[in-house]
S.K.: 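Structure below; questions to follow.
Naming: A, B, ... by sequence-line order, numbering from 1 per chain. Everything numeric here is computed off the predicted structure, so don't read it as measured data.
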Amino acid sequence: MTQGAPADGRPADAGARFVPAEAEPRWIAAWQDSGALDVDPASDAPGFTIAIPPPNVTGALHMGHALNNTIQDVLIRRRRMAGDEVKWIFGTDHAGIATQKKVEEQLAAEGTDRWQLGRERFLERVWEWKETYGGRITRQLRSLGCTLDYADERFTMDEAYAAAVQRVFCDLHAKGHIFRGDYLVNWDPGLGTAISDLEVEMREVTDAMVEIAYPLSDGGGELVVATVRPETMLGDTAVAVSPDDDRYRDMIGRTCTLPLVGREIPIVADEAVDPEFGTGALKVTPAHSGDDFEIAQRHDLPAVSVIGEDGRMTAEAGEAYAGLTPEECARKVVEDLGAAGVLRSEREYTHEVPFSHRSGERVQPLISLQWFADMEALAEPAIAAVRDGRVRFTPERFTDVYLAWMENIRPWCLSRHLWWGHRLPVWYRGDEVHVGLDAPEGEGWEQDPDVLDTWFSSALWPFATLGWPERTDQLAAFYPTQVLSTARDIIFLWVARMVMMGLEYMDDVPFSDVYIHSVVQAPDGRRMSKSLGTGIDPEELIAQHGADALRFGLLMMSSTQDVRFSHDRIAQGRQLVTKLWNAGRLVVERGGALGDGEVAPQTEADRWMASRLTAAINDADEAVGGFRFSQLADGIYHLVFDEYCDWYLELLKAGQATPEVAAALLEQILALLGPVMPFVAEEVWAQLPGAQGMVIRHAPPRPLGGRDPEAEQAVERLKETVTALRSYASERGLPRRSGVSVWIDGPDTPEADTLRALAGAEAVDAPPEGASVVGLSFGRMHVAPAGGIDREAEIARLQAGIDQADSEISRAERQLGNERFVERAPAELVEQERAKLTRYTDERAALVAELAALRGGGQ
RNA sequence: GGGCAGUUAGCUCAGCGGGAGAGCGCCCGCCUCACACGCGGGAGGUCACUGGUUCGAAUCCAGUACUGCCCA
């Protein structure tokens, strides 16, 4: 199994199989030790930078990471080979909520909690946790073969990074973009903190919808409102109706009396009310509904908070309800409304309600004093940057997604009621508030206990990692970055904010291309997730099939849309690895070696393969340029399997190709392959006599000459002939080396040796007796099996051939008979159609003649 | 409620204006001196539906039906 590694690090014996588990660690170490990954900001070479979307320190590699980082590694490796000074910025994110939860779970297991520990000790525990477990994803990225700048690892809670965060907060505050206020926030009762709009997800829920009658204060009737949250009626401060609703027109401006509470509240007209929905009358609870909060602002209505940050009913809800949970309160309110005789109806209602993406609990909208960033001023240049193409999205459609969000940008709730994170640089003393890096002079100042939304620090990633605000060499050499590759679900959370911050603080976009990769779903189309049990662990796949196979398979799957995970694609990658390994062995065995000078293709087969390589290199460049990674992987696969192995190496064995050229071509194939499947590329390279250095620093794949149409045509005809002969033999159940005699009536008759080697057929000088006639695109071939032909079967086959030709002829005639086609279609196409007509007419005539001869001769 | 994407071979997906492709699976035959994680040969699609544009539509446009996602 394992080919024991001798002193020079190369496997001793090149067995039939490549063993990834043995080879991969060797190459990971070799890349590192050779200095191939070193980054030099002082280099004269052009810089090429990608900033990794920093994985959470708590994270383990999932399929999305595996795909995304394979893509980035392909880009990085290609540019490194091209001679750029590449930097793939590496680091992890402190991930406030996720990390704090992990440590809290740990504490719970120990029978304690963060309150007992106290803030300082708790934070120490988080750091300890990070030191102990935080390196997992780093190790996993290494085993995937990712060539990040591991030597310069960043963490969003590093001292220098934290200083950058504080500085930006203070600066945005000084510029008036950050403010503190009482606004409606998404309160996560599970975590006891506000969360941003983007951390909220809508889920479908079935609630009870009740209709409640609010009597008009002047005794002139009642107004029936519908609600799924009866407990919030305790906080109602108005009823709103549509201004166009005739049913309520005469009530606008009057007041009604809130049942159970007795508060007199106005009836207002507002465009936001949908007269079709419910009764057309909307109870307005500004403190616990986003829509209602906005209506209240338009009508200058007060807000009454009846649910507190502890998730329970407040004193303002009334003595009877204070202290209850909202659910308990809802039941009691309905009961009391019933008793009061104002409950009009009750039914089930299914609708979408907000849940915390973080804790999974139902979000409680409530008014709270928080710090916000007003993003409008920052959004403006970020919109311009995308509109004028300084930042391009691939696939393009995400441009509109980005712009739509940016153009309707809302204030960003920045404060999180957590302990782990960047603490707000804000100080309080009584009613005094100070924003600054340090507490002001004087006694009694206390720092705000809250921390910043994790995404606030992530927004600075492309430049804070390079040492900003210091004017470092790294910053000068590597900002802006070139490509950001990331998942669709963080376009707003992260991408948009990086653009805003980059423009604000670096006066330049943080990257010029944003590539949004596919979401990899479970094989059954569900989301891949641990909780659903649908997750597939990339680490296991690496162990089973090798990192190259995983990388290849993921690239094959990647697309402009979401894709289902396919084990078969990984298997396909593994097959390619094995194929290459064995191709390498064959080339070496046949005496292929790399020399010092240029190698020119010698034979027709050499020239054909060189031409195909040239095409493949061009296709690969084009694919990568357009971020079409499945096309890249597919192209390499077919070059290796269908061209190099199936035909070229077979021709080499048949003595029709040159070993030196085979080696030179393999070198370029490995250079093309290296960024995609780096391990097997190195391993095969290391086996090639004369190979210097490693693929990781090899020059980019170089064509061995341009396209060669002549050689391509000749080999295409050879392939067609060989395939036709194999088919012929296979259909008749002839043995593999069938020994049929063949005579070809047409140009480009392949060498007798080639036909013997590839098709097991014997070329003869004249049309053999008793032969079958088989049509080829460039002529006809007469094939005579040793045992003679089956006349009946041949007659049937010829008849089928004639029928086929007839249908082709009538198709071509129909096309050419269409005047409009002849007039309007491109001349080239019309010409093609004419040539086709001639060809099939000739073929038909030949087949008819053969048929006649066969019938006549058999008498 | 608004928007975006998808519907192509049994499965997973390419193709996106000139005669339907890949991988896997399936059938037949091969231990051919690189590779049985292999080699050779084959079968298998009215390209969701309806209309339109065009000499020509899987490919462009409009609509319908499902499916998924995003925003409200």
S.K.: Under 4.0 Å from any atom of RNA chain B, heavy atoms only: list the residues of residues 829-839 of chain A that qualify, in numerical order.
M.R.: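 By residue number: A:Leu829, A:Lys836.
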S.K.: If I pick the P atom on B:C27 and the same atom on B:G10, what distance separates them, to the nearest angstrom?
M.R.: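 It works out to 16 Å between them.
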S.K.: Please report the distance, rounded to the nearest Å, between CZ in A:Phe398 and P in B:C69.
M.R.: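 After rounding, the gap between these two atoms is 14 Å.
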S.K.: Would you mind reading off the distance between A:Phe293 atom CZ and B:A72 atom P, rounded to a whole angstrom?
M.R.: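 After rounding, the reported distance stands at 17 Å.
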S.K.: Would the distance check show the side chain of A:Ser518 and the main-chain N or O of A:Gln561 forming a donor-acceptor pair, the cut-off being under 3.5 Å?
M.R.: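 Checked: pair present.
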S.K.: Keeping to residues at least two apart or across chains, list the salt bridge (charged side-chain N to carboxylate O under 4.0 Å, His left out) pairs with something in residues 544-555 of chain A.
M.R.: A:Asp73-A:Arg551
S.K.: For A:Arg526, which residues count as a salt bridge (Lys or Arg N to Asp or Glu O under 4.0 Å) partner, sequence neighbours excluded?
M.R.: A:Asp524
S.K.: Can you tell me how far P of B:A72 sits from CD of A:Glu407, to the nearest Å?
M.R.: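 Taking CD of A:Glu407 and P of B:A72, I get 15 Å after rounding.
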S.K.: Mark up nucleotides 2-17 of chain B, 5' to 3', with B wherever a protein heavy atom is under 4.0 angstrom from a base atom, S wherever such an atom reaches only the sugar-phosphate, and - elsewhere.
M.R.: --SSS-----BSS---
S.K.: Which value, in whole Å, describes the distance between the P atoms of nucleotides B:C13 and B:G29?
M.R.: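 After rounding to an integer number of Å, I get 33 Å for this pair.
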S.K.: Would a distance-only check, ignoring hydrogens and angles, find a side-chain to backbone donor-acceptor pair under 3.5 Å from A:His288 to A:Pro365?
M.R.: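 Checked: pair present.
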S.K.: If we take the C1' atom in both B:G44 and B:A36, what is their distance in whole Å?
M.R.: 25 Å
S.K.: Is it the case that over 12 heavy atoms from other parts of the model lie below 6.0 angstrom from the NE2 atom of A:His638?
M.R.: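 Above 12, so yes.
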S.K.: Atom CD1 of A:Ile490 and atom C1' of B:C70: how far apart are they, to the nearest Å?
M.R.: 15 Å
S.K.: Take the protein atom CZ of A:Arg526 and the nucleotide atom C1' of B:G68, then report the distance between them rounded to whole Å.
M.R.: 15 Å
S.K.: Between A:His638 and A:Ser727, who's closer to the 5' end of RNA chain B by nearest nucleotide?
M.R.: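 So the residue in question is A:His638.
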S.K.: Starting at atom CD1 of A:Ile491, determine the distance to atom P of B:C70, rounded to an integer number of angstrom.
M.R.: 11 Å
S.K.: For RNA chain B, what are the stems built from at least three Watson-Crick or G-U pairs in a row, each pair having both distances below 3.5 Å?
M.R.: B:1-7 with B:65-71, B:10-13 with B:21-24, B:26-30 with B:38-42, B:48-52 with B:60-64
S.K.: Could you tell me whether A:Arg820 and A:Glu823 make a salt bridge, using a distance below 4.0 angstrom between a side-chain N and a carboxylate O?
M.R.: no
S.K.: Taking A:His545 for its side chain and A:Ile570 for its backbone only, find out whether a donor-acceptor pair lies under 3.5 Å.
M.R.: no
S.K.: Quantified in whole Å, what is the C1' atom distance between nucleotide B:U67 and nucleotide B:C60?
M.R.: 24 Å
S.K.: Take atom C1' in B:C11 and the same atom in B:G18, then report the distance between them in whole Å.
M.R.: 30 Å
S.K.: Over 60° means perpendicular and under 30° means parallel, so classify the ring planes of A:Tyr515 and A:Phe627, tilted if in between.
M.R.: parallel
S.K.: Can you check the distance between B:U32 and B:C24, where both ends of the measurement are the C1' atom (answer in whole Å)?
M.R.: 25 Å
S.K.: Before we go on, tell me: are the rings of A:Phe565 and A:His567 under 6.0 Å apart, centre to centre?
M.R.: yes
S.K.: How is A:Glu808 classified with respect to the nucleic acid when contacts are heavy atoms under 4.0 Å: base, sugar-phosphate, or nothing?
M.R.: base
S.K.: Generate the contact string for nucleotides 58-63 of chain B. Rules: B means base contact, S means sugar-phosphate contact only, - means no protein heavy atom under 4.0 Å.
M.R.: ------
S.K.: Could you work out, with side-chain contact (heavy atoms from CB on, under 4.5 Å) as the rule, every residue matching A:Val401, not counting sequence neighbours?
M.R.: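 Expected list: A:Phe398, A:Phe492.
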S.K.: Of all residues at least two apart in sequence or in a different chain, which pass the salt bridge (Lys or Arg N to Asp or Glu O under 4.0 Å) check with A:Asp642?
M.R.: none
S.K.: Say you pick atom P in B:G45 and the same atom in B:A20; how far apart are they, in whole Å?
M.R.: 14 Å
S.K.: If I pick the P atom on B:C33 and the same atom on B:C39, what distance separates them, to the nearest angstrom?
M.R.: 14 Å
S.K.: Would a 4.5 Å heavy-atom cut-off, applied to side chains only, mark A:Phe629 and A:Thr70 as touching?
M.R.: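 No; the side chains remain at least 4.5 Å from each other.
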S.K.: Partners of A:Glu643 by side-chain contact (heavy atoms from CB on, under 4.5 Å), sequence neighbours excluded?
M.R.: A:Trp608, A:Met609, A:Arg612, A:Leu639
S.K.: Would you mind telling me which residue lines up with the more 5' stretch of RNA chain B, A:Tyr637 or A:Val822, judged by nearest nucleotide?
M.R.: A:Tyr637
S.K.: Salt bridge between A:Asp753 and A:Arg756, side-chain N to carboxylate O under 4.0 Å?
M.R.: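 Answer for the salt bridge query: yes.
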S.K.: Between atom NE2 in A:His545 and atom P in B:C24, what is the gap in whole Å?
M.R.: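 These atoms are roughly 14 Å apart.
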S.K.: I need the minimum non-hydrogen distance between A:Met406 and A:Ala496, along with the two atoms involved.
M.R.: CE-O, 3.4 Å
S.K.: According to the salt bridge (charged side-chain N to carboxylate O under 4.0 Å, His left out) rule, which pairs have a member within residues 562-574 of chain A, sequence neighbours left out?
M.R.: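 Every salt bridge (charged side-chain N to carboxylate O under 4.0 Å, His left out) pair that includes a residue of residues 562-574 of chain A, provided the two are not neighbours, is A:Arg488-A:Asp562.
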S.K.: Distance check needed: B:A72 P versus A:Asn186 CG, whole Å only.
M.R.: 10 Å
S.K.: Can you check each nucleotide of nucleotides 31-39 of chain B against protein heavy atoms at under 4.0 Å and return B for base, S for sugar-phosphate only, - for none, in 5' to 3' order?
M.R.: -B-BBSBSS
S.K.: Would the distance check show the side chain of A:Thr534 and the main-chain N or O of A:Arg527 forming a donor-acceptor pair, the cut-off being under 3.5 Å?
M.R.: yes
S.K.: Check residues 830-837 of chain A and write down every donor-acceptor pair under 3.5 Å in which the side-chain atom is one partner and the other belongs to a residue at least two apart or another chain.
M.R.:
none

